[in-house]
Amino acid sequence: TGLSRPQRILKAVQKNATKGNPESVIAAIDHYCRHSEWAMNVGDEKGLILDSVVTEVNPSTALELGTYCGYSTVRIARLLSPGTKLITLEFNPDYAAIARQIIAYAGLQDKVILVEGPSGDLIPKMKQQHGIKSFDFVFLDHWKDRYVPDTKLLEECGLLRKGSVLLADNVICPGTPEYLKYVRNDPRYESRYFKSNLEYTKVEDGLEKSVFLG
Ligand SMILES: Oc1cc(-c2ccc(F)cc2)cc2nccnc12
Ligand SMILES: [Mg+2]
């Protein structure tokens, strides 16, 4: 049945982007997904909000839940200071295989550790496997019904510290009502909604930024 959507996205990157140039990889994916076929990347509009939060936090340790094709992985990793690492977790091995190639094409493979597997199993292993004390920044962009359990898991594993920033995609579309209730009602979080649009569409979506107060 031919190529998968992630494979078609990789081809568009190889055809239209310049090796080692993350901006051109981002532009190639956005152009393809806006003009050829929609895909669930955070996209250019919400991507600017992601960029501004990552730049503000300037994390030494960052975690991404949900890699997909590596679009937001490239957006985040390109902004990290030398010597800092982004760990990205992906459950789907086919997505992971494409993401590795897109991250490498952007020349960011030395800043990214892509781990395949379920986030619920991998999060408790972060300290021992990757020598992580805590995460300065977490981007939640995986399955919406994992946002609350994985946030609780990060807390329980001592992976959040006073000031850790959580940024969650899709809090309106497809929507994560339980997660919004959790971070907006819990006094240990200071939460703020950044209104935007679902990637490549005019449908409302947004990002929720939540600072863990410890
Ligand atoms: O950004 C996203 C958008 C959508 C999505 C799918 C279908 C629609 F109709 C609307 C939105 C799903 C996602 N799943 C995981 C991570 N991110 C996602
Ligand atoms: Mg998303």
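Whatever order the structure lists them in is the order used to number ligands and atoms, beginning at 1.
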| Do you know which N/O/S atom name in D141 is closest to the Mg ion (ligand 2)? | OD1

| Closest D169 atom to the Mg ion (ligand 2) [N, O or S only] | OD2

| request: With heavy atoms of D169 as the reference, note each atom of ligand 1 found under 4.0 Å away. | output: 1 (O)

| message | Need the ligand 1 atom indices (1-based, order shown) with element for anything under 4.0 Å from a heavy-atom of L198. | response | 10 (C), 11 (C)

What is the nearest protein non-hydrogen atom to [atom], stated with its residue, atom name and distance?
atom	result
atom 18 (C) of ligand 1	N170 OD1, 3.2 Å
atom 13 (C) of ligand 1	M40 SD, 3.6 Å
atom 7 (C) of ligand 1	W38 CH2, 4.2 Å

Looking only at heavy atoms, is any part of [X] under 4.0 Å from ligand 1, and if so is it the side chain, the backbone, or both, or is it neither?
X	answer
W143	side chain
N41	neither
E199	side chain
V203	neither
D141	both

pair [X]-[Y]: side-chain heavy atoms closer than 4.5 Å:
X	Y	value
R184	E208	yes
R78	D51	yes
S72	E64	yes
F139	V54	no

| query | Will you find, in the side chains of E45 and N197, an N or O donor that is under 3.5 Å from an N or O acceptor? | reply | yes

| message | Any donor-acceptor pair under 3.5 Å linking the side-chain atoms of N92 with those of Y68? | response | no

| request: May I ask you to check whether Y68 brings an N, O or S atom to under 2.8 Å from the Mg ion (ligand 2)? | output: no

| field | 2.8 Å cut-off met by an N, O or S atom of E199 to the Mg ion (ligand 2) | value | no

| query | Would you call the rings of Y179 and Y147 parallel, tilted or perpendicular if under 30° counts as parallel and over 60° as perpendicular? | reply | perpendicular

| Is the closest protein non-hydrogen atom to atom 9 (F) of ligand 1 under 4.0 Å? | no

| message | Going by a strict under-4.0 Å cutoff (protein heavy atoms only), does atom 2 (C) of ligand 1 have a neighbour on the protein? | response | yes

| query | Among E37, K11, K15, which residue meets the side-chain hydrogen bond (donor to acceptor under 3.5 Å, both in side chains) test with Y32? | reply | E37

| In terms of side-chain geometry, is the basic nitrogen of E56 or K209 positioned less than 4.0 Å from the acidic oxygen of its partner? | yes

| said: How about CZ on F91, more than 12 heavy atoms from neighbouring residues, nucleotides or ligands closer than 6.0 Å, or not? | reply: no

| query | Would you find more than 12 non-hydrogen atoms of other residues, nucleotides or ligands less than 6.0 Å from E190 atom CD? | reply | no

| contact_flag G66 ligand 1 heavy-atom lt 4.0 Å | no

